[in-house]
2 protein chains.
Amino acid sequence: MNRIQATARFQKIDNFANLGNLYVLLIRISSIIILISAIIIVRTKMKSNATQKDVAKMAGVSQATVSLVLNGAGSNSISDTTVAKINEAVRVLGYLPNYMARALRTNQTMTLACVVPDIMNPYYPALIRGVQAVAEAAGYDVITVSTDGQKERELHYLKMALQGRIDGVIGVFFGLGIIDLEPFIEAGIPIVRLEASVKRGGPISIDDFFVDNSQAAEDLTSFLISKGHSRIAMIAGRGGPQSVRVDGYRKALQSKRLKALIQLDDAFTEEGGARAAVKLLDKGEKPTAIIAANDLMAIGVMHALMGRGLSIPDEIAVAGFDDIPAARLVSPSLTTVTQFQNSLGAQAAHALVERLNGTAIGPGRATQQPYRIIERLST
Amino acid sequence: MNRIQATARFQKIDNFANLGNLYVLLIRISSIIILISAIIIVRTKMKSNATQKDVAKMAGVSQATVSLVLNGAGSNSISDTTVAKINEAVRVLGYLPNYMARALRTNQTMTLACVVPDIMNPYYPALIRGVQAVAEAAGYDVITVSTDGQKERELHYLKMALQGRIDGVIGVFFGLGIIDLEPFIEAGIPIVRLEASVKRGGPISIDDFFVDNSQAAEDLTSFLISKGHSRIAMIAGRGGPQSVRVDGYRKALQSKRLKALIQLDDAFTEEGGARAAVKLLDKGEKPTAIIAANDLMAIGVMHALMGRGLSIPDEIAVAGFDDIPAARLVSPSLTTVTQFQNSLGAQAAHALVERLNGTAIGPGRATQQPYRIIERLST
DNA sequence: CTGTTAGCGCATTCAG
DNA sequence: CTGAATGCGCTAACAG
């Protein structure tokens, strides 16, 4: 078509212009040729690995025999010479099994998904690390994904399992409830959840690992009371594990007949914490201690207080949750509650692997995990 | 066999004992039966998704037609009624394409690997986030992996590509050089590297994104000199981008004829930084400013100095590299050099996607990325 | 002990 | 416009 147009024009225009046209034409053609050849080169190079067939040919045996030897199945039933020949061929050819073909056949991918709300939140890397350690030891690879706590994205990654891309899921789900998860379990996808409040095992075989955040908050509050504080405020975001922590805080105060003083903010970030603290102070409230629903917010609170020239912990003590790495690094260092994320991740992975290899069957198990208050200089 | 043994014993022993044996036998048999049935249940549930064949059957067309419709290929060449019937069947059956089968056929996984030394190091999450954003927009999923900077593990993930598990790799490689990487490029695996020193594009089509860390260190040092410091020490770990930064520091001092004062430690962590700082002080050196090769070490230095009762920045100023989240949070907040990790990751992902879809071909491109000194209260 | 056979689910010619 | 046929690379019976 291009060429026809060009030819048509060719006949109408004078020689000089023709030269220009010809030039343009040549450029076009040659660029197309370059593109095509490049594509050919790329295609030619693409993933050109030796297959079992190649190995079989070189070793002078059938492809099936190669498969048998490589999978070690019936290892006693194949002659040493054959095995040797095959191994040699594998070595020479640099044979690597094609993952997709194997997965298609066996219906196993040997990979797990670790679904977290936000990889940028310093709480999660430690968790992920724990998962990876156990999973890899069991021969599974881990793919880590951030969902921003959006239900839609959480579902996306669960669907990957349904498409046969992953064998199981470990997740911190903000948007999805057990009702949403059930279809996946029904379809045979093992799921392990990490939760922030007490769970009981149910008929659906989802395993839960939970930290009793309500109790933790209660303990932390009681700890502050025991240090002599009586006006203790709480600052929290909305959603996630925050509300559970607020509940615990409330309980502790009630049992001592102290008044709750709660300031919420939309974001559970440093900025959110600072904002809430300012709002609290501006209301004329003058607590002697502030508990923030996570460390990020607690650090924000600290900054806000320092900005007002208030000394920590002398005038106002501050405590948080999560024991993120920065908690140790701020000044004064932050009193907080650790959930042993690393171990939590490891246990979750362990449970998932058990489901996967059939060691564990039956209804869902709920396992409580420990927490601990870490007292530092901010209280 | 078990049964035969039991039967044999049955004849020898008195009735009472026999009862016991029988009991054991029954227990064994029943437990085996339970196990088997459980396995059957599990197997039955396993990934039982509708296939194109099912859809075809329901829609009364052939599997090939289903594939055509679903892939939108020749969308104009299929009757609307057929398309409608197929879509309806897809909906009813909840059909999801089998990822493995598709990947096997097309030789594409639409998955990228993002290989970093340590996901726990706060420098990387932002990078990963950048990669994920771009990759997902282009239809790729990202699998993130930590290598601990070990050559062996870096290779492991590269081999995943050779096995057809991933289409391309974005990586921060500590152990692997271009020589190690070349075979993978030869095999058609696009690789994008993130580097800490100046690179030039080479014949091998590996794309490099680098930040000139030497220049950054030189600038940071000059910045301190301009603030009136003349006795500036540097604390660094061994390996990684650290040595490049030391070089830049040296250069800046030389140009002003100032003496370099370097204290190394094996670990580029907070502890390493604190250790090095103590060693420096114990030597009787009294610098007016200390540059640490990364923020983690810088924070360690700050702690060590505070431990000695030295005030920051009045007696000794401190600066670091990376702008990890904690840099902003410590007191005094830490002056550091940001590398815009998020954007760095995004660009790298963009380049990889270009290679993948053939938009970019030819030799490796090296692209310089910006950095910026962020002045805070520690200097 | 080894080879033959039969798909896994899908994309893609090639005929009708 | 649609269906039949083929094969990606591999595993797993099943025969010899």
Side-chain angles (χ1 to χ4, degrees), chain A residues 43 46-87 89-90 93-110 160 162-165 167 188, chain B residues 43 46-87 89-90 93-110 160 162-165 167 188:
Chain A
R43 287 232 166 258
M46 274 296 195
K47 323 269 164 76
S48 56
N49 279 318
T51 69
Q52 287 191 354
K53 201 153 95 181
D54 301 328
V55 173
K57 204 188 302 172
M58 176 175 258
V61 297
S62 83
Q63 176 267 326
T65 307
V66 174
S67 177
L68 274 182
V69 170
L70 262 32
N71 293 315
S75 53
N76 49 3
S77 77
I78 288 181
S79 75
D80 288 353
T81 37
T82 306
V83 171
K85 271 190 299 185
I86 289 174
N87 283 334
V90 164
L93 261 28
Y95 167 81
L96 283 176
N98 178 305
Y99 176 79
M100 294 302 160
R102 184 206 297 259
L104 175 60
R105 194 59 239 258
T106 61
N107 218 10
Q108 284 205 108
T109 63
M110 298 309 282
M160 285 184 37
L162 244 28
Q163 298 188 94
R165 292 185 60 166
D167 293 341
Chain B
R43 286 234 166 256
M46 272 299 194
K47 323 269 163 80
S48 56
N49 278 318
T51 68
Q52 286 191 354
K53 202 153 96 181
D54 301 329
V55 173
K57 204 187 304 173
M58 177 175 257
V61 298
S62 83
Q63 174 265 326
T65 307
V66 175
S67 176
L68 277 181
V69 170
L70 262 34
N71 292 315
S75 52
N76 50 2
S77 78
I78 289 181
S79 75
D80 289 353
T81 38
T82 306
V83 170
K85 273 190 299 187
I86 289 175
N87 284 333
V90 164
L93 261 26
Y95 166 81
L96 283 177
N98 180 305
Y99 176 80
M100 294 302 159
R102 187 208 295 266
L104 176 60
R105 194 56 235 260
T106 62
N107 217 10
Q108 284 205 110
T109 64
M110 297 309 283
M160 286 186 35
L162 245 27
Q163 298 188 95
R165 292 184 60 167
D167 293 341

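Sequence lines set the chain letters: A, B, ... in the order given, protein chains first and strands last, and positions in each chain run from 1. Because the structure is a prediction, the values reported are computed rather than measured.
Remark: A:T51 engages A:K53, A:D54 in a side-chain contact (heavy atoms from CB on, under 4.5 Å) (not counting sequence neighbours). A:R165 pairs by the salt bridge (Lys or Arg N to Asp or Glu O under 4.0 Å) definition with B:D141, not counting sequence neighbours. Applying the side-chain contact (heavy atoms from CB on, under 4.5 Å) rule to A:A64 yields the partners A:S62; only residues at least two apart in sequence or on another chain are considered.
Expressed to the nearest 0.5 Å, how far NZ of B:K85 lies from CE of B:M58 amounts to 12.5 Å. Summarising the geometry, atom CD1 belonging to B:I86 is positioned 8.5 Å from atom CG belonging to B:L68; distances are rounded to the nearest 0.5 Å. Interatomic distance, CZ of A:R102 versus CD of A:Q108, reported as 10.0 Å (0.5 Å rounding).
Counting heavy atoms from C-beta on, the side chains of B:Y95 and B:Q52 come closer than 4.5 Å.
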Where do N or O atoms of nucleotides 5-7 of chain C meet protein N or O atoms at under 3.5 Å, pair by pair?
unit_1: C:dG7; atom_1: N2; unit_2: A:R105; atom_2: NE; d: 3.2
unit_1: C:dG7; atom_1: N2; unit_2: A:R105; atom_2: NH1; d: 2.6

Pull out every protein N or O sitting under 3.5 Å from an N or O of nucleotides 14-16 of chain D, one pair per line with the distance.
none

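Rounded to an integer number of Å, the gap from CZ of B:R165 to P of D:dC10 is 15 Å. Between the C1' atom of D:dC8 and the CZ atom of A:R102 lies a distance of 16 Å, rounded to the nearest Å. Per the geometry, CG belonging to A:L93 stands 13 Å off P belonging to D:dG9, to the nearest Å. To the nearest angstrom, P of D:dC10 lies 12 Å from CG of A:L104. For the pair A:N107 CG and D:dC10 P, the computed distance is 17 Å after rounding to whole Å. Rounded to an integer number of Å, the gap from B:K53 NZ to D:dG3 P is 16 Å.
Candidate nucleotides D:dC10, D:dG9, C:dA11 were compared by shortest atom distance to the side chain of B:T106, and C:dA11 ranks first. Comparing atom distances between the B:T82 side chain and each of C:dC10, D:dT2, C:dC8 picks out D:dT2 as nearest. Listed candidates were D:dG3, C:dG9, D:dC10. Nearest to the side chain of B:S62 is D:dG3.
Side chain of B:D167 to main chain of B:T109: a donor-acceptor pair is present (N/O by atom type, distance under 3.5 Å, no hydrogens or angles).
For B:N71, a side-chain nitrogen or oxygen approaches OP1 or OP2 of C:dA11 to under 4.0 Å. B:Y99 has no side-chain polar atom (N or O) that falls below the 4.0 Å cut-off from OP1 or OP2 of C:dC8. The phosphate of D:dG3 (OP1 or OP2) has a side-chain N or O of B:T65 nearer than 4.0 angstrom.
Remark on the helix from C:dC1-D:dG16 to C:dG16-D:dC1: inter-end axis angle 50°, axes from five-pair C1' superpositions, rounded to 10°.
Two residues, B:V61 and A:Q52, neighbour DNA chain D, and the one matched to the more 5' nucleotide by heavy-atom proximity is B:V61.
Here the rule is side chain to side chain contact (heavy atoms under 4.5 Å, CB included) with A:V55, and of A:V66, A:V69, A:L70 only A:V66 fits it. For the pairing with B:M100, the side chain to side chain contact (heavy atoms under 4.5 Å, CB included) check across A:N107, A:L104, A:T106 returns one residue only, A:L104.
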